[in-house]
Amino acid sequence: MEQSSLIKPVLGGTYPTISHGQGVFLYDKDGKDYLDASSGAVTANIGHGVQEVMEAMVQQAKQVSFVYRSQFTSEAAEELANKMAELTKGDLAYSFFVNSGSEATETALKIAIQHWQEKGKPKKQKVISRWMSYHGITMGALSMSGHPIRRERFTSMLESYPSVSPPYCYRCPLQLDPHTCGMACASELEASIRRIGSENIAAFIAEPVIGAAGGAIVPPDGYFQKLKKICEENDILFIADEVMTGFGRTGKMLACEYWDVEPDIVTFGKGMSGGYTPIAAAVMTKKVMEPILNGSRSIIGGHTLSANPLSCAVSLAVLKYVEENELVEKSADRGKDLSRGLKKLARKYSFIGDIRGRGLLIGLEFVQDKATKKPFSNPADVTNAIIGLGTKNGILLYPAAAGLDGVTGSAIIISPPLTITEEECAELLMRIDITFQQFNETLGKLPS
């Protein structure tokens with residue numbers, strides 16, 4: 001085989017060559033089908049091969065694909081910003097378009113700092129985040145991420161922003177009973193603010209449902225209400241990272257809606273375009289924008305391809321498709337179907353320790369002993385083994401970190417397109433059952 005010049009995730013690794021996609025299925029050049037139970041990287045929210053999106057793409061390309069945002073605006077960008085304000089509701093009214101979720105969270109960080117500068121509080125520059133979090137791979141976004149595996153090569157270059165424990169009730173970081181703890185993990189934010197000084201803190205950032213760093217960890221009711229109150233009392237902006245959870249993934253348009261909490265800044269990506277084009281956004285409230293509108297009237301940020309008409313038109317078509325096909329509601333319904341089926345499998349397989357999540361963002365954590373929650377001694381190998389078996393069986397699964405330190409646990413995320421049908425859910429469960437059966441047969445060969 002001729003050597004490839006493409007740098008792949010694993011150098012020298014063998015990857016199937018994709019031919020095409022349709023609905024919840026992908027097909028390689030040999031004709032093998034894969035049920036996309038991960039939506040790629042929790043991205044292909046409306047499935048593959050949607051004709052309406054392709055038509056919008058062609059129509060915009062016939063007009064203009066690119067203009068530079070400091071020279072022109074476009075109808076596509078203006079319409080998308082209006083649609084974002086409509087879908088996010090409340091005071092979230094201003095969109096800054098970028099190209100990836102990492103860029104979106106980094107932009108949110110910079111806007112939060114600029115907000116306080118323009119209010120005459122330039123010392124407010126730090127951001128507090130949680131362990132077991134992932135906000136992106138650029139240096140600012142990675143600084144905010146409490147993902148030890150992804151941080152380790154660059155730790156000396158990163159800010160020490162993660163300082164608060166996650167609401168990981170399956171393995172409480174504070175070794176408390178989740179039913180009686182009074183949400184002590186949320187109270188940690190207050191202690192962290194006192195140590196750093198609220199006069200030095202611009203924002204607190206969190207994923208409403210923890211994704212790749214924790215395998216769909218859902219906080220208890222009241223948790224985010226408590227965090228938002230702490231932020232307000234200390235003059236700190238709350239940034240919700242909805243890059244993975246936004247636009248229907250959890251069964252709500254925004255996952256924050258589950259707790260009736262409005263962030264000051266929200267970041268989006270992934271499902272914002274369903275994978276049809278690179279685009280993401282940081283969306284701000286009027287409160288965040290007001291000092292900038294009354295001050296410099298310019299946000300220091302942006303990229304060459306920010307708000308390009310082609311990506312904006314595609315994203316607009318995707319969001320309209322989500323609305324018109326009621327995919328938010330379908331995500332909630334299909335999520336219940338899948339959760340029920342997965343819980344049946346948990347009774348069948350002893351290595352499934354926990355099933356969690358909301359809507360079609362479902363996490364499975366694997367353990368060596370269900371009673372004691374003892375993790376496997378080689379968590380990365382376990383996760384990779386299950387994903388590898390799944391690929392052979394024609395089902396694509398997404399890896400996630402787990403464990404109290406974010407290193408010693410193994411988990412996967414199941415997150416098919418929101419368009420998945422009842423019949424396709426049954427097919428997904430059948431393929432994952434086969435995969436788990438095959439893994440189960442290897443358990444005796446794993447080191448204890």
Side-chain angles (χ1 to χ4, degrees), residues 8-9 13-54 101 211-212 215-216 243-251 269-278 314-315 317-318 321-322 325 327-328 330-335 337-339 341-342 345 357-364 383-384 386-400 411-436:
K8 300 181 179 70
T14 302
Y15 297 83
T17 300
I18 198 69
S19 167
H20 63 285
Q22 189 61 51
V24 301
F25 288 94
L26 290 165
Y27 301 85
D28 68 22
K29 68 175 185 178
D30 297 321
K32 179 179 173 66
D33 68 67
Y34 303 84
L35 200 161
D36 191 1
S38 65
S39 295
V42 197
T43 301
N45 280 13
I46 67 169
H48 305 278
V50 174
Q51 190 64 32
E52 293 92 323
V53 178
M54 290 185 274
V243 169
M244 186 175 283
T245 54
F247 299 120
R249 172 52 61 186
T250 66
K270 294 185 182 288
M272 182 177 163
S273 74
Y276 284 87
T277 190
V314 171
S315 178
V318 169
Y321 189 89
V322 169
N325 291 276
L327 295 188
V328 178
K330 287 179 181 176
S331 172
D333 292 340
R334 296 292 80 76
D337 293 342
L338 272 184
S339 291
L342 290 167
L345 293 182
R358 287 284 172 93
L360 285 171
L361 184 65
I362 304 171
L364 279 72
T383 301
N384 290 336
I386 290 172
I387 289 173
L389 288 169
T391 302
K392 290 178 181 176
N393 293 319
I395 182 168
L396 303 176
L397 306 167
Y398 191 69
I412 60 169
I413 287 174
I414 296 175
S415 51
L418 313 186
T419 54
I420 193 168
T421 65
E422 287 186 57
E423 294 76 18
E424 289 165 342
C425 279
E427 179 69 20
L428 186 158
L429 289 166
M430 184 190 75
R431 294 190 187 197
I432 203 165
D433 189 6
I434 292 169
T435 298
F436 285 165

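Here, residue 1 is the first one in the sequence, and each next residue gets the next number. Note that these values count all heavy atoms, side chains included, but never hydrogens, waters or copies made by symmetry.
Atom CZ in Arg249 sits 4.5 Å away from atom CG in Asn45 (nearest 0.5 Å). Between the CG atom of Leu338 and the CD atom of Glu422 there is a distance of 10.5 Å, given to the nearest 0.5 Å. A distance of 8.0 Å separates OG1 of Thr383 from CD1 of Ile412, quoted to the nearest 0.5 Å. Put simply, CD1 on Ile46 and CG on Leu327 are 7.5 Å apart, with the number rounded to the nearest 0.5 Å. For the atom pair CD1 (Ile420) and CG (Leu35), the distance works out to 5.5 Å, reported to the nearest 0.5 Å. Note: Leu361 CG to Ile413 CD1 = 5.5 Å, rounded to the nearest 0.5 Å.
Residues satisfying the salt bridge (Lys or Arg N to Asp or Glu O under 4.0 Å) criterion with Asp333, sequence neighbours excluded, are absent altogether. In terms of the ring-ring contact (aromatic ring centres under 6.0 Å, His included) criterion, Tyr15 has no residue partners (sequence neighbours excluded). The side chain to side chain donor-acceptor pair (under 3.5 Å) test applied to Lys29 returns no partner, not counting sequence neighbours. A search for side-chain contact (heavy atoms from CB on, under 4.5 Å) contacts involving Ser38 returns Asp36, Leu396, Tyr398, Ser415, not counting sequence neighbours. Partners of Asp433 according to the salt bridge (Lys or Arg N to Asp or Glu O under 4.0 Å) rule, which considers only residues two or more places apart in sequence or in another chain, are Lys348. Applying the side-chain contact (heavy atoms from CB on, under 4.5 Å) test to Ser339 and every residue at least two apart in sequence or in another chain returns Ile362. For Arg358, the salt bridge (Lys or Arg N to Asp or Glu O under 4.0 Å) test picks out no residue, with sequence neighbours left out. Scanning for salt bridge (Lys or Arg N to Asp or Glu O under 4.0 Å) contacts around Glu427 gives Arg431, with sequence neighbours left out. For the side-chain contact (heavy atoms from CB on, under 4.5 Å) test, no residue two or more places apart in sequence or in another chain qualifies with Ser19. The side chain to side chain donor-acceptor pair (under 3.5 Å) test applied to Ser315 returns no partner, not counting sequence neighbours. The side chain to side chain donor-acceptor pair (under 3.5 Å) search around Tyr34 returns Asp28, not counting sequence neighbours. Under the rule for a side chain to side chain donor-acceptor pair (under 3.5 Å), Thr250 has no partner lying at least two apart in sequence or in another chain.
Of all non-hydrogen atoms in Gly211 and Ala400, the two that sit nearest each other are O-CB, 4.2 Å. Across Thr435 and Asn393, no two heavy atoms sit closer than the pair OG1-ND2, 3.0 Å. Minimum heavy-atom separation, Leu360 to Pro417: CD1-O, 3.9 Å. The nearest pair of heavy atoms linking Gly47 to Val50 is O-CG2, 4.1 Å. The shortest non-hydrogen separation linking Thr421 to Arg334 is C-CD, 4.0 Å. The shortest heavy-atom contact between Gly363 and Ala216 is N-CB, 3.4 Å.
A 4.5 Å side-chain heavy-atom check between Tyr27 and Ile18 finds every atom pair outside the cut-off. Contact check for Ile387 versus Pro399: side-chain heavy atoms found under the 4.5 Å cut-off. Using a 4.5 Å cut-off on side-chain heavy atoms (C-beta onward), Leu429 and Asp337 make no contact.
Counted within 6.0 Å of NZ on Lys32, heavy atoms from surrounding residues, nucleotides or ligands total more than 12; the atom is thus considered enclosed.
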For side-chain contact (heavy atoms from CB on, under 4.5 Å), just list the numbers for Leu364 and Leu345, CA-CA rounded to whole Å, side-chain angles, deciding distance to a tenth of an Å, and then say yes or no.
CA-CA 11 Å; Leu364 279 72; Leu345 293 182; over 6 Å; no
Pair Val328, Phe247 - check side-chain contact (heavy atoms from CB on, under 4.5 Å), show working.
CA-CA 7 Å; Val328 178; Phe247 299 120; over 6 Å; no
side-chain contact (heavy atoms from CB on, under 4.5 Å), that's the test. Do Asn325 and Thr419 meet it? Break it down for me.
CA-CA 9 Å; Asn325 291 276; Thr419 54; over 6 Å; no
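A side-chain donor-acceptor contact under 3.5 Å links Tyr276 to the backbone of Gly49. Panel note: side chain Lys330, backbone Leu418; no donor-acceptor pair is recorded below 3.5 Å.
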